[in-house]
Amino acid sequence: MQSRIDPSGSQTLSPATGMGPALLSMRNVSKSYGDRKILDGIDLDVAPGEKVALIGPSGSGKTTILRLAIGLVEPEEGTIRIDGRYLWHEEDGGRLRRASNKHTRQVRRSVGIVFQQFNLFPHMSALENVREPLVHTIGLPRPEAEKRAAGLLAKVGLADHLTKRPAQLSGGQQQRVAIARSMALQPRVMLFDEVTSALDPELVGEVLKVVRDLAHETDMSMLIVTHEISFAIDIADRVLMFDTGKIIEEGPPSQVLKAPQEPRTRQFLRAILER
Amino acid sequence: MDDFAAFQAYLPFILKGIPVTLLVAFLAMCVAIPVAFILALGRMSPSRSLNMPAGFVIELFRGSSSLVQLFWVFYVLPFFGLELPPLAAGVFVLGVNSGSYMSEIIRAGLNAVPAGQREAALALGFSPQYRFFRIILPQALPLMIPPFSNSMITMLKFTSLVSLVTIQDLTFRANMVASSMGDSSSIYILVILVYFGLSLLLALLGRFLEAIVNKRAGRSISLFGSANPSRIPPWALGRSG
Amino acid sequence: MNSFGWDWSYAISTLPDLFSGLKLTIIATFFGSILAVLIGLVLCLVRMAQIPVLSGLASFWIQLIRGTPLLIQLYFIFYVLPGWGLSLAAFATGVLALGMYYAAYAAEIFRAGIEEIAPGQWEASLTLGMPIPRVWTGVILPQAIVAVIPVLANMVIAMFKETALLSSITIMELLAQGKSVGSIHFRYVEPLTMVGVLYFIVSYTAARMIRRLEGRHAIQN
């Protein structure tokens, strides 16, 4: 595995936008669970500030891409780099070796994720959920962390709910806390994993609005797994269509979502729109 | 001396067994809890050099009778030059034996915390210590408390075994007095009621702990009464409805 | 006899005595289990049936038994009941004590099994117009009893290990045999270790078998 890595590849340009050196870069990444291959030799580059929407049927590997990008799972094959640094490897005299946990934790810090199921800490208030990473991961003094956390929560429209526990908030509010929390460490890449799938239909709008504002206001790169097609058209610079562990079609939303070339993509979009 | 007079005369002697019983239970619990955590974490570790020995200790202590283990420590270890005083032998066996059983409670509690919690903590860059003590454990503890309070009651009953290795606990004293009386019923009934009363107190203490931990975990639970209502319809039990 | 280390010939010579003790232990466990399951089921049903006084008594009885040590219950039956006109042989006393003690646990196991039956089963029976006693005997109990078999089996293993307490009322079961052999030869290392090994072999094998049966059961469903 180590011999196949090409250390000079760090300067690849993002193929879609050419916006500069890739911020997130995957090379030949494969991942299986048991004998089921979830991802098969994926190459992916995301430029700084680029917003990428990932679509495809469930089980096609799009969620696994996000979990790989933040290092929740380790690929069997291939390399992942965030801002030029390997997530699972350390360079040692031109060769790559398996990185320490500390190194992985360090690199992972530039990536944030919002989960489908929110995954807020139920024993902490909204404010504590956002404050704790500021205090314990970055080491900010508590008063300053608290101030910054309150600011983030205000930004997602929850200034009046600081002391509430997750159980006291609606699904939409919980997801907005989760977004504020993942913003706390000021990641350079943000991952959104079907963030509205677990919500009641009437709560979807408020969460999409927060993500949309974030997409338009910040220069973070974003990877967004979503089934909301109009939302993807609105915010994405590029759309990737996944099927059985591979990217089968990619391009700007005007192309992939409005005039797809692949029959499989057409079939998938038709099924989604007919819901 | 008639039996009632004897009963009165012996009462203080028997009741002096209560602090002994409680002391053995308390000390054994102090051994059992850390042992249970160490065994559970060892068992859950991906490293074979940790989970094999932990599994071995758990199976060894759960596999045979606690009384046999007590006798073994009491009668056999001296042959190997390790003579423990009865109290130490009793506390050690009770503690490690219960700890082996309780390690399963801890394992089940930790496993019951949703995987998403660990993932979120990992994604936010928390240290392993923070993830365990501040994210996973506070959520697992409320699930562990009810079976834990059962373990406390089991431990209390368990302590009666130490009477068989000469420790003068409640059971030992009752037996000693009873053997010198014609009708020993009053002695045994008294001791049964004392154990029962202590069990009820421990159960109440368990409910109290449960209420505290649940409150900290953001859930409320009443100190009395069942937390989950029966799923059996009232008509099936002969009530109208 | 070598006083340090392990003496194999002595260890093997204890086996016939230990096996006769093990036989008694298994017989006591067998009858104790039958008693526990039968009394437990009755206790559970009486408790759930909401009969005035009687259900409350059953509930109190279960709590009382579960709240006191088996050893004391054993002594009570052994030393007190004869004075009240109920004289039992030591072995019968032991079986009775085990049965009564574990019946309180079996009652709780049955109750949990019954509570776990999906509400839909009750509703379906009701809509089919079945009489209530028939719902219990035809629909609920068969499912509940099958569901709790693995738990009951684990209870039997626990009982098997706790039969060692019977040694304290002169029953020559496995542990008592080990102690007696040891006291004759003034050497406990081998007999008591062999006792532990025998307990371990039986209970570990049984636990393994239950786990495997449970696994097969889970796959079939």
Side-chain angles (χ1 to χ4, degrees), chain A residues 63 66-67 69-74 101-126 128-139 163-169 174 177-178 180-187 189-191 193 198, chain B residues 37 41-42 44-51 105-106 108-146 148 208-222 227-228:
Chain A
T63 290
L66 301 194
R67 297 165 65 81
I70 196 165
L72 287 178
V73 292
E74 191 175 352
N101 288 341
K102 205 176 155 206
H103 172 91
T104 301
R105 203 152 48 145
Q106 195 65 201
V107 177
R108 183 191 280 140
R109 202 182 278 181
S110 344
V111 187
I113 186 166
V114 183
F115 297 93
Q116 185 176 346
Q117 301 292 343
F118 331 138
N119 294 350
L120 290 180
F121 304 130
H123 54 301
M124 299 181 186
S125 68
E128 286 165 338
N129 262 282
V130 184
R131 183 196 69 194
E132 287 300 276
L134 289 169
V135 174
H136 292 278
T137 305
I138 320 189
T163 57
K164 287 192 181 155
R165 293 277 177 89
Q168 297 168 296
L169 297 170
Q174 288 186 55
V177 175
R181 181 177 72 172
S182 62
M183 294 290 299
L185 301 180
Q186 298 178 306
V189 182
M190 271 287 271
L191 313 171
D193 186 6
Chain B
F37 268 99
L41 293 177
M44 292 170 81
S45 156
S47 145
R48 264 181 96 71
S49 58
L50 285 178
N51 71 40
I105 296 173
I106 291 169
L110 293 176
N111 281 334
V113 176
Q117 292 293 313
R118 208 193 114 258
E119 291 175 356
L122 214 53
L124 291 167
F126 290 128
S127 66
Q129 297 82 344
Y130 187 92
R131 295 202 301 264
F132 181 75
F133 287 107
R134 304 290 288 277
I135 305 291
I136 304 299
L137 197 57
Q139 297 183 59
L141 269 182
L143 307 171
M144 297 177 192
I145 295 293
F148 244 81
F208 191 63
L209 282 178
E210 211 178 324
I212 292 176
V213 177
N214 274 299
K215 200 171 167 209
R216 290 193 57 185
R219 290 186 293 173
S220 70
I221 184 172
S222 76
N228 34 344

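Every value quoted in this text rests on a predicted model; they were computed, and no experiment measured them. Here is how names work: the chains are called A, B, and so on, in the same order as the sequence lines, proteins then strands, and each is numbered from 1.
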### chain A contact via Pro114(B) - side chain, backbone, both or neither, heavy atoms under 4.5 Å
neither
### Task
Measure across Leu122(B) and Arg108(A) and return the closest heavy-atom pair with its distance rounded to 0.1 Å.
O-CD, 3.4 Å
### Message
So which residue, Arg181(A), Arg109(A), Gln117(A), ends up with the most heavy-atom pairs under 4.5 Å with chain B?
### Response
Arg181(A)
### Message
Donor-acceptor check, side chain of Glu119(B) to backbone of Arg67(A), threshold 3.5 angstrom: yes or no?
### Response
no
### Query
Taking everything shown except Arg131(B) itself, do over 12 heavy atoms lie less than 6.0 Å from its CZ?
yes
### Query
Thr104(A), Ile138(A), Leu120(A): which one forms the most heavy-atom pairs within less than 4.5 Å of chain B?
Leu120(A)
### Query
Where on Glu132(A) is there a heavy atom nearer than 4.5 Å to chain B: the side chain, the backbone, both, or neither?
both
### Task
Identify the heavy atoms of Ile113(A) and Ala123(B) that sit nearest to each other, and give their distance.
CG2-CB, 3.6 Å
### Message
Less than 4.5 Å apart, side chain to side chain, heavy atoms only: is that true for His123(A) and Arg134(B)?
### Response
no
### Parallel, tilted or perpendicular, as decided by the 30° and 60° cut-offs, for the rings of Phe126(B) and Phe121(A)
tilted
### Query
Is it true that a side-chain atom of Asn119(A) and a backbone atom of Gly116(B) form a donor plus acceptor pair closer than 3.5 Å?
yes
### Task
Identify the two heavy atoms, one from Arg105(A) and one from Ser127(B), that lie closest to each other, and give their separation to 0.1 Å.
NH1-CA, 2.6 Å
